[in-house]
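Read the numbers this way: they start at 1 and go in the same order the structure lists the ligands and their atoms. Worth knowing before you read on, the calculation uses all heavy atoms, side chains too, and leaves out hydrogens, waters and symmetry mates.
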Amino acid sequence: MKFFADTAEIADIKELAATGLLDGVTTNPSLIAKSGRDFMEVTREICAIVDGPVSAEVVALDHEGMMREAEVLRKLADNVCIKVPLTIDGLKTCKALTGDGTMVNVTLCFSANQALLAAKAGASFISPFIGRHDDNGFDGMDLIRDIRLIYDNYNFQTEILAASIRHGVHVLECARIGADVMTAPPAVIKGLFKHVLTDKGIEGFLADWAKTGQTI
Ligand code: G3P
């Protein structure tokens with residue numbers, strides 16, 4: 001499973017990229033607002049740090065407007081992935097852009113039928129929002145499971161990019177089901193490295209090593 005960071009914070013992206021385990025980045029208008037940075041400038045910077053896809057979201061609601069914005073965004077770097085909402089205009093834009101060889105991430109997916117439409121529109125990625133699904137009394141993992149089944153039934157190449165990930169159990173479940181990618185806030189990704197018994201084990205080994213008086 002590929003790991004994307006869901007953030008526009010450069011310091012966090014650099015730290016995760018340095019582990020060699022970061023496969024891409026996703027941003028959205030809320031994350032850009034949170035960063036307080038200029039959209040174009042920060043997107044260009046992120047694209048230079050990671051080799052993989054960097055999702056940058058359009059804000060126009062109509063097809064022509066989306067195409068216009070996508071044109072600006074895709075000039076920022078070769079690894080820009082245009083993020084469009086799951087609407088009729090969004091999917092029309094998806095079809096046009098992917099037909100042209102541009103990566104597209106279709107976002108705000110809350111049903112398996114929407115994911116089916118995105119795949120038919122040639123989306124590179126579909127972003128089902130797990131956490132927000134859970135928040136509203138549905139099981140976000142059922143959504144991932146249904147999309148996996150449908151995409152496998154028809155051999156769709158669209159990658160399932162599990163989004164709105166809130167904790168490690170979401171990551172684990174996505175891996176069990178076979179999501180292609182998961183995007184999570186840096187704190188969630190960093191949390192995956194941690195285990196209290198790992199810390200305790202290191203502490204014990206170092207204490208015993210000190211008793212030997214040796215060095216490596
Ligand atoms: O990038 C979209 C998605 O990951 C948002 O997550 O936590 O705002 O629901 P969240």
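Ion pairing of R176 with E173 is present here, as a side-chain N (NZ or NE/NH1/NH2) and a carboxylate O approach within less than 4.0 Å. A salt bridge links R148 with D180: the distance from a Lys NZ or Arg NE/NH1/NH2 to an Asp or Glu carboxylate oxygen falls below 4.0 Å.
Think of L108 as one node in a network of Ile, Leu, Val, Met, Phe, Trp and Tyr side chains linked at under 4.5 Å; its network also takes in F110, F129.
Between the side chains of D142 and H133, no donor-acceptor pair is found at a separation under 3.5 Å.
Closest non-hydrogen pair, I165 versus C174, comes out as CD1-SG, 3.9 Å.
Contact shell of ligand 1 (protein heavy atoms, cutoff 4.0 Å): D6, N28, K83, F129, R132, A163, S164, R166.
At least one side-chain heavy atom of R37 sits less than 4.5 Å from a side-chain heavy atom of I10.
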